[in-house]
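Below is one structure, written out as structure tokens; comments come after it.
These numbers come from the heavy atoms of this one structure, side chains and all, not from hydrogens, waters or symmetry mates.
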Amino acid sequence: MPHAVIAATGLFTPEQSISNAELVAAYNTWAERWNSDHALQIAEGDVAALTPSSVEFIEKASGIKSRFVLDKAGVLNPARMAPNIPERSNDELSIMAEMAVAAARQAIAAWGKPVSEIGAVLCAASNMPRPYPALAVEIQQALGIDGFGFDMNVACSSATFGIKTAADFIANDPGKAVLMVNPEVCSAHLNFKDRDSHFIFGDVATAVIVESADRAGPGGWDILGTRLKTVFSNNIRNNFGFLNNAAPEGIGAPDKLFIQQGRKVFKDVVPMVSDMIVDHAGDLGIDPTGLKRLWLHQANINMNQMIGRKVLGRDPTEAENVIILDEYANTSSAGSIIAFHLHNDGFEAGETGLICSFGAGYSAGTVFVRKRG
């Protein structure tokens, strides 16, 4: 049975970026206005005053220093505190499809083969712009790909679940490659009025081409093994959906956006993911302490550093445990793929690394890869 290869990757990065200082200034202006508007309730003890945010707080809590976004003005407007992304007509390419197509075209160019060699498109992301038609089918049409496409959502683990699905397709039908894309407009589901999370997310799109080793040219990455895990938890949640988007409180209600209990997530996810990586490596006959590089989900620098220590058995170097969230912030499913795309250099044939994601669900995915000659 032929095994699968990661043949190429692509990345779309929005032109606009927001620094922590800019984000803090907008939030603090909004919070001051809110406190002023609710001064009487605050004085009577009915509500608590909002605490200001700070650059120091954000960087200590997350390691994030900036983030790319589709709309900077709306996010930084204290009267709005949300991106302004106009709805497009049905005859126009949707914004998320446009992002995915840009990343896909970069991957296809790096791959060096025609789109006629691709037989499926998987769109794996934490949010979709609509229930149907599938975003993957729109992307498929825009790229001129024959075959089929479908969407999948496993929150921040969507990309590794997508790679696993693509690899399984290749094992059963190696005749065509699979394009897996991850367009993430995370700024649209983030509550910029919540001090504890207003800094977390950014926007981006990534693309991965997976094909059979029998058809792959030199280079690329052999997929040595993939593993998936889910455990239900309410500690990361978003309640927006078609059954409740017409509720009186409207789609701007806090629980219709991203919410999490960060300390509980940290406590639960770090050991779950660390053990999963070590166990999977053992089953593949790989010494986890000998991994050349970790491309982990870019959620929080403290989580990544602790997972890195548990897996490698020591403090990892910057080259071993790639961090890109300082510039990109958390980009949900795309984070580990950005890290892999930007920092997969310096490998000799036969050296091994790990792509790993984890997030809401809880969900986690591991993809061990080995550099090809």
Distance-only, no hydrogens or angles: does the [X] side chain make a donor-acceptor pair with backbone N or O of [Y] under 3.5 Å?
X      : Y      : value
Gln106 : Leu11  : yes
Asn153 : Ser126 : yes
Arg372 : Gly219 : yes
Gln298 : Ser336 : no
Glu351 : Glu348 : yes
Asp151 : Leu135 : yes
Asn20  : Ile64  : yes
Ser363 : Val154 : yes
Asn77  : Ala73  : no
Glu138 : Ala97  : no

Just to verify, what does [X] make a side chain to side chain donor-acceptor pair (under 3.5 Å) with, not counting sequence neighbours?
X      : value
Ser187 : Asp203
Glu318 : none
Asp275 : none

[X] and [Y]: side chain donor to acceptor below 3.5 Å:
X      : Y      : value
Thr289 : Asp287 : yes
Glu32  : Thr29  : no
Glu184 : Ser333 : yes
Asp168 : Thr165 : no

Task: Ile323 side chain reached by Gln305 side chain, heavy atoms, under 4.5 Å - done: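 The answer is no; the side chains never approach within 4.5 Å.
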
Can you tell me if [atom1] on [X] sees more than 12 non-hydrogen neighbours from other groups inside 6.0 Å?
X      : atom1 : value
Asn90  : CG    : no
Gln141 : CD    : no
Lys292 : NZ    : yes
Arg314 : CZ    : yes
Lys310 : NZ    : no

Open item on the list: One pair to check against side-chain contact (heavy atoms from CB on, under 4.5 Å): Val101 and Leu143. What are the steps and the verdict?
Closed with: CA-CA 7 Å; Val101 166; Leu143 290 170; 3.8 Å; yes

Return the set of residues passing side chain to side chain contact (heavy atoms under 4.5 Å, CB included) with [X] (not counting sequence neighbours), or none when no residue passes.
X      : value
Ala82  : Arg80
Ser17  : Ser66, Phe68
Asp173 : none

Task: Residue pairs involving residues 125-159 (criterion ring-ring contact (aromatic ring centres under 6.0 Å, His included); sequence neighbours excluded) - done: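 Sorted pair list: Phe148-Phe169.
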
Open item on the list: Going by ring-ring contact (aromatic ring centres under 6.0 Å, His included), name the pairs with one or both residues in residues 343-364, residues two or more places apart or in two chains.
Closed with: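 Applying ring-ring contact (aromatic ring centres under 6.0 Å, His included) to every pair that reaches into residues 343-364, excluding sequence neighbours, yields Trp221-Phe347, Trp295-Phe347, His297-Phe358.
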
Keeping to residues at least two apart or across chains, list the side-chain hydrogen bond (donor to acceptor under 3.5 Å, both in side chains) pairs with something in [range].
range            : answer
residues 321-331 : Thr13-Tyr328
residues 34-44   : none
residues 47-65   : Ser53-His198

Given the rule that I, L, V, M, F, W and Y join up when any side-chain heavy atoms are under 4.5 Å apart, are [X] and [Y] in one cluster?
X      : Y      : value
Leu354 : Val270 : yes
Val75  : Leu325 : yes
Ile337 : Val322 : yes
Leu312 : Leu224 : yes
Val5   : Ile223 : no

Determine, using ring centers only, whether [Y] and [X] are less than 6.0 Å apart.
X      : Y      : result
His280 : Phe368 : yes
Phe199 : Phe192 : no
Phe201 : Phe258 : yes

Would you call [X] and [Y] a salt bridge, taking side-chain N to carboxylate O under 4.0 Å as the test?
X      : Y      : answer
Glu87  : Arg130 : no
Asp222 : Arg370 : no
Arg88  : Glu98  : yes
Arg293 : Asp345 : yes
Lys72  : Glu22  : yes
Asp146 : Lys176 : no

TODO: Let me see the working for Asn239 and Asp255 under side chain to side chain donor-acceptor pair (under 3.5 Å), right down to the final yes or no.
DONE: CA-CA 6 Å; Asn239 285 329; Asp255 77 320; 2.9 Å; yes

TODO: Begin with the C-alpha distance, continue with both residues' side-chain angles, and end with the deciding distance and a verdict on side chain to side chain donor-acceptor pair (under 3.5 Å) for Glu117 and Trp111.
DONE: CA-CA 11 Å; Glu117 295 294 312; Trp111 186 40; over 6 Å; no

Quick one: [atom1] on [X] to [atom2] on [Y], what's the gap to the nearest 0.5 Å?
X      : Y      : atom1 : atom2 : result
Glu320 : Asp315 : CD    : CG    : 10.0 Å
Asn28  : Arg33  : CG    : CZ    : 12.0 Å
Gln261 : Asp196 : CD    : CG    : 11.0 Å

Task: side-chain contact (heavy atoms from CB on, under 4.5 Å) between Leu179 and Leu122, worked out - done: CA-CA 6 Å; Leu179 171 66; Leu122 310 183; over 6 Å; no

Open item on the list: According to salt bridge (Lys or Arg N to Asp or Glu O under 4.0 Å), who are the partners of Arg195, at least two apart in sequence or on a separate chain?
Closed with: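 Applying salt bridge (Lys or Arg N to Asp or Glu O under 4.0 Å) to Arg195 gives none.
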
Task: Pair Asn238-Ile259, side-chain contact (heavy atoms from CB on, under 4.5 Å): steps then yes or no - done: CA-CA 6 Å; Asn238 182 330; Ile259 53 174; over 6 Å; no

